[in-house]
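Here the structure comes first, spelled out in structure tokens, and everything after it is commentary.
The first residue in the sequence is number 1, and the count goes up from there.
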Amino acid sequence: MVSQSILQVSKGDRLSLAVTRLTCMRQDRERTVLIEPEAAFSATYKLKDVEEHEFWLNGRMRYARGFAAGTVSAADLSEDPRSRIRGPFDGVQFYMRKEALDDLAYERGASPISTLRALPDASDPILGSMCAFLLSAPPEMAQTNQLFVDQMALSLLTYFAEGYGGMHVPPIPPNGSLAAWQERRAKEILHSRLAARLTIADVARECNLTPSYFAKAFRRTTGMSPHQYLTHIRLEEAKDLLLSSTLPLADIALICGFGDQSYFTRVFTRSVGASPGAWRRSMLR
């Protein structure tokens with residue numbers, strides 16, 4: 001089985017959420033071995049049909065069946081889950097600590113998440129779209145844009161808690177936008193810390209809001225998610241530096257929080273339609 005890490009989020013020194021693509025072309029495999037029980041869940045979205053999946057919990061076989069592409073399976077990692085898959089496999093696996101889900105439930109005034117339930121024949125196009133987005137995102141984004149990581153982690157945890165854990169999250173009411181002072185404060189922080197490693201929790205704390213409420217209220221207020229807004233102002237600052245200075249592109253990339261020149265060039269080109277160097281030359285003619 002080949003694994004490709006897509007997203008990892010830690011709290012302190014403990015992994016709280018991980019997204020991994022798993023692929024294997026072998027036809028037959030041994031049953032997975034015992035893993036150390038832990039308070040966490042695993043969920044797998046099938047990118048392709050699965051010929052047969054045999055599954056055990058606490059030593060008892062629960063099913064032996066095929067799965068269609070687009071379906072989801074879930075397991076409690078405290079119950080000694082074991083699997084054997086026949087035929088090729090391609091899927092996205094989500095690891096979630098119960099603590100991370102319970103913290104989310106607590107923020108929203110809901111009960112702790114006791115289990116994740118997935119219907120074996122039910123396709124999940126919403127999770128499929130989220131997987132497609134994660135798989136298409138530039139790998140550098142997870143290293144250079146902490147707001148993107150936070151936004152994706154919050155979206156995934158909320159989606160699993162609601163859709164598979166039974167958590168009811170009341171929607172933000174029609175007037176659930178940021179207050180004027182909160183919008184002003186959030187934008188001040190984002191503008192003043194372009195190159196800093198900034199999290200949604202950092203900005204939400206300054207606005208006296210929970211991270212999940214802040215993320216939704218910010219989008220409702222500005223029309224953009226926090227990470228989209230941060231990317232926008234980074235690009236605007238980069239344009240100013242390109243026109244007002246002779247700084248090399250690598251320096252501008254670092255000053256504006258893009259991490260490295262190659263990632264800066266890709267983001268800039270995708271947004272503006274020209275590379276930073278070509279745009280600078282065309283504007284300074």
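- A salt bridge is defined here as a Lys NZ or Arg NE, NH1 or NH2 lying under 4.0 Å from an Asp or Glu carboxylate O, and Arg97 with Asp103 fails to meet this definition.
- Put simply, CZ on Phe218 and OG on Ser177 are 12.0 Å apart, with the number rounded to the nearest 0.5 Å.
- By the 4.5 Å heavy-atom criterion applied to side chains, Thr222 and Lys187 are counted as neighbours.
- The two atoms that bring Thr221 and Leu178 nearest to each other are OG1-N, 2.8 Å, heavy atoms only.
- Summarising the geometry, atom NZ belonging to Lys98 is positioned 7.5 Å from atom OG1 belonging to Thr115; distances are rounded to the nearest 0.5 Å.
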Legend entry - Asp90 and Arg21: CA distance, side-chain angles, deciding distance, salt bridge (charged side-chain N to carboxylate O under 4.0 Å, His left out) verdict: CA-CA 7 Å; Asp90 191 4; Arg21 184 173 187 174; 2.9 Å; yes
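- Atom CZ of Arg31 sits in a crowded spot, with more than 12 heavy atoms from other residues, nucleotides or ligands closer than 6.0 Å.
- In this structure, Lys239 pairs ionically with Glu236, as a charged nitrogen and a carboxylate oxygen lie closer than 4.0 Å.
- Within 6.0 Å of OH in Tyr63 there are more than 12 heavy atoms belonging to other residues, nucleotides or ligands.
- Of the charged side-chain nitrogens involved, at least one lies within less than 4.0 Å of a carboxylate oxygen, so that Asp202 and Arg205 count as a salt-bridged pair.
- In this structure, Ser282 contributes its side chain and Trp279 its backbone to a donor-acceptor pair below 3.5 Å.
- In terms of heavy atoms, Arg84 sits closest to Arg29 at CD-O, 2.9 Å.
- Heavy atoms only, all atoms of each residue included: Val72 and Lys46 are closest at C-NZ, 4.0 Å.
- Counting all heavy atoms, side chain and backbone alike, Leu147 lies closest to Thr199 at CD2-C, 3.5 Å.
- Contact detail for Leu249 and Gly277: the closest heavy-atom pair is CD1-N, 4.0 Å.
- The nearest pair of heavy atoms linking Leu242 to Leu284 is O-CD1, 4.2 Å.
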